[in-house]
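Naming: A, B, ... by sequence-line order, numbering from 1 per chain. Both backbone and side-chain heavy atoms feed into the values below; hydrogens, waters and symmetry mates do not. Predicted model, so just to flag it, every value in this text is computed and none were measured.
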Amino acid sequence: MRLSQFPITTTKETPADAEIVSHQLMLRAGLIRRLSSGLFSWMPLGLRVLQRVEAIVREEMTRAGAVELLMPSIQPAELWEESGRWTKMGPQMLKMRDRHDRDFCYGPTHEEVICHHVRQDVKSYKQLPVNYFQIQTKFRDEIRPRFGVMRSREFLMKDAYSFHMDAASLEETYQAMRAAYTRIFERIGVDFRIVQADSGDIGGSRSEEFHVLAASGEDALAVARDGQYAANVEAAATLPAPGPRPTPTAAMQQVETPHCKTIEQVSNHLGIAAQQCLKTLLVMGCNDKPLALVVRGDHAINDVKAANHPLVRDPVTLVDESAARACAGAGFGSLGPVGLDMPVIVDHAAAALSDFACGANADGMHLINVNWGRDLPEPQVADLRTILDGDPSPTGEGPVQIVRGIEVGHIFQLGRKYTEAMNVTVLDADGREAHPEMGCYGIGVTRVVAACIEQCADDKGIVWPESIAPFSVVVAPINAKKSERAAQAARELYEALLSEGINAVLDDRNLRPGVMFADLELIGIPHRIVVGDRTLDRGALEYKARDAAEAVDIPNTLDAVLAALRGDLPDQA
RNA sequence: CGGGGUGUAGCGCAGCCUGGUAGCGCACCUGCAUGGGGUGCAGGUGGUCGCAGGUUCAAAUCCUGCCUCCCCGACCA
């Protein structure tokens, strides 16, 4: 490729609305252009990168035994009504109607469609297991798209769906996908971590996420400092406090706490640490009646854990203040578990307290020196809170630290949830109908590009890893306009690299050197060979790796260039 | 969806308060000079000032409505 023939538009200035490095650089380097909120065009340079990621994903999926197909992005409503997700997915799904008034959606995912095809085509256990994948555009109408292609509404996803006669077969494919994903992210060259995850809206039993570690990541991960344990904080279990509860020391007492609406205010007013206070939230139960969730004052309720509790309605729905007053006798800020006429679910840590403070269920009043089993019944205990930095890891591997990550992959064991809902059956060896086990496996292909830039950039621009760079090496003549000798030498080297099968590009734009260098660094090409009269005079070329501090002279031979591309550089005097 | 901001040339912004010829930087085009780190000088192209309505002799500017985009929040009592 010659850059004079390849439209790239770079900018010196950073667009005002780009917040994170990858978004800024993708715009500045001209990889993407925004069309509308959460909608981006991939410009030629960006597309080359995207296609390289795709190629790696495709190769590794195929190597791991998955077979590619392509399903429509527009899907009929009937399939989603069968699975129950036409309404459950909510406004995240973009719905539309055709000229015959039939309902469709732009597919946010493809479990329904693949189940439909499998129930048509797969009749016998002999055809299983099977693992289909596609690389295809999805649309999810995100509440708030942000960070460029990191959280866009339309995005490219690799999704795979496997079907099995039994759990052992599913586990085998799940592990094969886990290994394939590991290879994919290792090949791309990003620093990533596999974490345990909640299954979220997709559902199912077991799942793990692949996160690219980056400070700008939207997800918080709990990682054992000295061990293997790692989990999304949404799913990270907390341990019950060790040992028995301390013995109560004083009688329960009601005290005035006027105008105290938050734990902080109550804690300051009473001179009692937040960890000795209880925080009480009223939420809707599955039976449409309110129930109370209680955590320690310094802890936060974890929505995902709460929603997973059998008594709590999913999604977690807070009762409003007037309803709280009607059923508990007090407004927000003065609620507590004592004397409440509703189920009370208490987090481990809150259940381990003695002599604690909590709302008195009377406005402006709290109770102090409250004790479980004495002043109110022994609580029903659950894990409700979000894990904090320094908490023990649930596997006993020491304290966790909280790091941030960008979710680029997610693998699930779905069990029979969809095959039952969609009535997918095959005949087993005994001739009986059975619902297959199912797994699904996703990679956010467009997001991988952005996540990679978050890790691979410096103050000059993008520093592509070789694996997904749009071009591997650029041949850059100095003053090609004036020096036909430099221009000629550059052309010849470029042609020679091409015939070696190298993804080379010639910068024949006739730019001034400063502009050219700044541009090439911004777009992040891993290797640069500068050809100029000055170096030619001494029989040399100048080589610089994008991530190296200094350029070095190499002999003016193809072999020396090829060696340099392999990282084999001559010793410098 | 709630709150805050924003909208003026492809990008970044000023002008608006106090109504009166639409500006600056970057980018782009032309010429000359320059030629190893975003070069200099000169000239130039490009804008129904988000949309609609209103006030006024006159609206980018004041008023009303709508829209866009961005940020924060979206149950933590």
Side-chain angles (χ1 to χ4, degrees), chain A residues 8-20 23-24 27-28 30 33-39 90-91 141-148 257 259-267 274 277-284 290 292-303 306-307 312-313 315-321 323-325 328 330-337 347 350 357-361 363-364 366 384-386 460-461 476-483 486 510-522 528 530-537 542 544 550-551:
Chain A
I8 60 176
T9 317
T10 59
T11 61
K12 246 190 285 193
E13 286 176 296
T14 302
D17 52 13
E19 290 285 305
I20 60 171
H23 189 196
Q24 292 170 352
L27 290 170
R28 283 191 55 207
R33 289 288 176 244
R34 195 186 72 91
L35 182 63
S36 179
S37 175
L39 300 177
D141 202 354
E142 296 285 346
I143 294 176
R144 182 144 84 90
R146 68 190 111 176
F147 304 149
T257 50
H259 313 301
C260 291
K261 297 295 284 181
T262 67
I263 291 291
E264 195 187 353
Q265 289 163 351
V266 170
S267 158
C277 298
L278 296 190
K279 187 190 288 186
T280 305
L281 279 79
L282 303 188
V283 301
M284 294 309 289
L293 303 179
V294 176
V295 294
R296 226 168 67 181
D298 58 325
H299 286 154
I301 293 247
N302 181 321
D303 277 4
V312 178
R313 187 203 282 175
V316 173
T317 315
L318 192 78
V319 307
D320 66 31
E321 187 153 12
R325 191 164 268 119
F332 298 162
S334 300
L335 297 175
D347 180 67
C358 63
N361 297 322
D363 282 332
H366 274 70
L384 289 180
R385 72 182 179 95
T386 300
K460 295 192 173 75
I478 294 287
N479 295 333
K481 213 173 193 172
K482 281 268 180 69
S483 169
N510 283 331
L511 295 174
R512 299 176 60 82
V515 178
M516 177 172 68
F517 292 154
D519 237 20
L520 295 175
E521 279 158 346
L522 175 60
R528 183 184 78 190
V530 172
V531 182
D533 286 332
R534 196 189 288 176
T535 38
L536 289 175
D537 282 343
E542 179 192 294
K544 183 178 175 300
E550 299 290 337

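- In this structure, rA42(B) forms a base pair with rU30(B), meeting either the Watson-Crick or the G-U wobble geometry with both donor-acceptor distances under 3.5 Å.
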Every protein N/O lying under 3.5 Å from an N/O of nucleotides 39-46 of chain B:
unit_1  : atom_1 : unit_2    : atom_2 : d
rU39(B) : N3     : Arg512(A) : NH1    : 3.4

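- At rC70(B), one or more side-chain N or O atoms of Ser37(A) fall inside 4.0 Å of OP1 or OP2 (strictly under the cut-off).
- The side chain of Arg28(A) sits closest to rG38(B) out of rG37(B), rG36(B), rG38(B).
- Looking at heavy-atom distances under 4.0 Å, Thr11(A) makes no contact with the nucleic acid at all.
- Considering only side-chain atoms of Ala518(A), the nucleotide from rG12(B), rG36(B), rG38(B) that sits closest is rG38(B).
- Around the NZ atom of Lys261(A), the shell of radius 6.0 Å holds more than 12 heavy atoms that belong to other residues, nucleotides or ligands.
- Using a 4.0 Å heavy-atom criterion, one finds that Arg313(A) contacts no nucleic acid atom at all.
- Using a 4.0 Å heavy-atom cutoff across all strands shown, Thr386(A) reaches no nucleic acid atom at all.
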CA sep, side-chain torsions, deciding dist, call: Val294(A), Asp347(A), side chain to side chain contact (heavy atoms under 4.5 Å, CB included): CA-CA 6 Å; Val294(A) 176; Asp347(A) 180 67; over 6 Å; no
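- Across all strands shown, Glu321(A) has no heavy atoms under 4.0 Å from either base or sugar-phosphate atoms.
- Within the nucleic acid shown, Leu511(A) has no heavy atom closer than 4.0 Å to any nucleic acid atom.
- Taking side-chain N and O atoms only, Ser36(A) has a distance below 4.0 Å to OP1 or OP2 of rC69(B).
- A straight line from CD1 of Ile8(A) to C1' of rG10(B) spans 16 Å, rounded to a whole angstrom.
- At a cut-off of 3.5 angstrom, counting only N and O atoms as typed in the model, there is no donor on one side facing an acceptor on the other between the side-chain of Arg146(A) and the base of rG73(B).
- Base contact: Lys482(A) has a heavy atom under 4.0 Å from a base atom.
- A sub-4.0 Å separation between OP1 or OP2 of rC72(B) and a side-chain N or O of Arg144(A) is present.
- Annotation: rG23(B) and rA9(B) have their C1' atoms spaced 11 Å apart (nearest Å).
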